Amino acid sequence: MRLRRILTVGICVAWLTGCGGETDSPLGTRGSPVATQPLESYSTALLSQLLAFYGEPVAFVPRFDVSAYRIVYLTVDARGAVVEASGALFLPVGSDNLPMISLQHIIQTERTAVASVSPLEYGPDAILAASAGYAACAPDYLGLGTTSEGMHPYLHAGASANAVMDFVRACRVFCAGQGITLNGRLFLAGYSEGAYATLAAQRAMEAEPAREFPITAVACLSGPYDVEGTTTAILADPGNRNVAYFAFMLVAYDDIYGWDQLDRMFREPYAGQVGGLFDGSHPIGDVEDALRGTVDDLVSPDFRTRYAAGLETNVLAAVRANTLLDWRPVAPIR
């Protein structure tokens, strides 16, 4: 369950979802909850046993039993279309006046490898946050989960922020309808891609003129915030073996921006197969196994040369647009 790494993220942000049977909403605006479904429940005894079994070196004692739910909601994708997305919501049983914490997950390439499908495997950080007394959410992101179609828009700032912001909105709407009290404290946290999504969401939330999202604090670890700098460094190092995630970014951008240039950016045999590796059906481990070469093995020399010379203007514009630098956060960040 990767509990040790997940627990280092800390406690930070927001959400709630449904009780009872499945429900549907006729609302048609972004942030509207479309459906909620109960998933599983976890007792404090079970959580304590799991922490002991995995030998987690943390001073954490579960306080509340936890109920898990799936929420389907409306958001906006990378092309500006209103689409459905999903996420998991974890609630402390028997507690009210809740702070909210949104925990953004690490990179996944398999559509079902998310908390709304397998809560205990992919949402243990949110489960423990709920057991500590938070309304805790694990958004699936676009392209992943139970409703999303198409490719996951990996490292697209706008789509990442929208998935988090609109899930917060949907959960607030649901909570208000259920008479669940939130105390106004909102936290954000994430690891790896989740750290990127966390800062993208913070930037977007704090840019809202209505101040709809007053954030209490943010915690993010090991995120690729400087997309342009990372891209430049990887392409300048032909022996670099950090190719799987970089390939995911190029394939995602090729899809989002409509370049249709994979055969030019990648060498064969990768050019003919790399797109299919990120179609949502392959676990991240299988993708990494398929892309175990170096940058020189994977990426076309002509593409690398043109990028270094500043001639790949579409790619340069994309990595610059999705880099999370040169803005001033309002809420404190750890």
Side-chain angles (χ1 to χ4, degrees), residues 9-10 12-14 30 75-80 102-107 139 141-142 152-169 186-237 240 242 245-259 265 303-304 306-334:
V9 171
C12 299
V13 190
R30 59 180 295 182
T75 187
V76 176
D77 68 12
R79 300 178 184 86
S102 184
L103 292 154
Q104 283 62 250
H105 66 73
I106 64 174
I107 184 174
Y141 311 150
L142 288 164
H152 168 53
Y154 180 56
L155 300 188
H156 186 274
S160 300
N162 289 343
V164 176
M165 291 170 62
D166 290 333
F167 198 23
V168 171
R169 289 180 170 121
L186 176 63
F187 301 84
L188 302 173
Y191 187 92
S192 186
E193 182 188 1
Y196 177 88
T198 293
L199 283 198
Q202 180 183 8
R203 184 176 68 171
M205 287 176 172
E206 292 180 343
E208 288 283 311
R211 296 291 292 150
E212 181 185 354
F213 303 97
I215 302 170
T216 304
V218 176
C220 46
L221 291 81
S222 298
Y225 320 111
D226 184 2
V227 178
E228 180 183 6
T230 300
T231 299
T232 300
I234 288 175
L235 289 177
D237 180 7
N240 194 312
N242 184 28
Y245 299 170
F246 177 67
F248 195 1
M249 185 200 76
L250 285 181
V251 173
Y253 286 3
D254 183 78
D255 177 70
I256 292 167
Y257 298 110
W259 298 335
M265 292 189 289
F303 174 74
R304 288 172 46 218
R306 286 176 53 82
Y307 181 90
L311 300 177
E312 291 291 345
T313 54
N314 288 339
V315 177
L316 284 165
V319 296
R320 287 168 181 166
N322 292 291
T323 290
L324 300 177
L325 302 181
D326 300 325
W327 60 286
R328 182 183 294 276
V330 176
I333 299 176
R334 181 179 293 275

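Predicted model only: the values in this text are computed from it and were never measured.
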Would N314 and Y257 count as a side-chain contact (heavy atoms from CB on, under 4.5 Å) here? Give the steps. CA-CA 9 Å; N314 288 339; Y257 298 110; over 6 Å; no

Which atom pair, heavy atoms only, marks the closest approach of Y141 to G194? OH-CA, 3.3 Å

Hey, is the main chain of L186 close enough, under 3.5 Å, to the side chain of T216 for a donor-acceptor pair? yes

Got V168 and E212 here, is their nearest side-chain heavy-atom distance under 4.5 Å? no

Calculate, to the nearest 0.5 Å, the distance between atoms CG and CD1 belonging to N240 and I234 respectively. 5.5 Å

Working for side-chain contact (heavy atoms from CB on, under 4.5 Å), residues L324 and Y196: CA-CA 8 Å; L324 300 177; Y196 177 88; 3.5 Å; yes

Do any N or O atoms from the side chain of Q104 and from the backbone of Y191 form a donor-acceptor pair under 3.5 angstrom? no

Y154 vs H152 aromatic rings, parallel, tilted or perpendicular, using cut-offs 30° and 60°? tilted

Minimum heavy-atom separation for V218 and L199, please, with both atom names. CG1-CD2, 4.2 Å

Nearest 0.5 Å please: distance from the SG atom of C220 over to the CD atom of Q202. 7.5 Å

Interatomic spacing from CZ in F248 to CD in E193 - rounded to 0.5 Å: 6.5 Å

What are the two closest heavy atoms between P224 and L155, and how far apart are they? CG-CD2, 3.6 Å

Can you name the closest pair of heavy atoms from A159 and L142 and give their distance? CB-CD1, 3.9 Å

Test salt bridge (charged side-chain N to carboxylate O under 4.0 Å, His left out) applied to R306 - qualifying residues, sequence neighbours left out: E312

Is it true that a side-chain atom of T198 and a backbone atom of A189 form a donor plus acceptor pair closer than 3.5 Å? yes

Determine the minimum heavy-atom distance between E206 and R328, stating which atoms define it. OE1-O, 4.4 Å

Minimum heavy-atom distance between N322 and V227, given as atom pair plus value: O-CG2, 3.4 Å

Between the CG atom in L221 and the CZ atom in R334, the distance rounded to the nearest 0.5 Å is 10.0 Å

Kindly say whether R30 contributes a backbone atom to a donor-acceptor pair with the side chain of D166 at under 3.5 angstrom? no

Less than 4.5 Å apart, any side-chain heavy atom of Y307 and any of T231? yes

Report yes if some heavy atom in the side chain of F303 is under 4.5 Å from a heavy atom in the side chain of L235; otherwise report no. yes

Ionic contact status for D255 with R79, cut-off 4.0 Å: yes

Enter the distance from H156:NE2 to N162:CG here, rounded to the nearest 0.5 Å. 9.0 Å

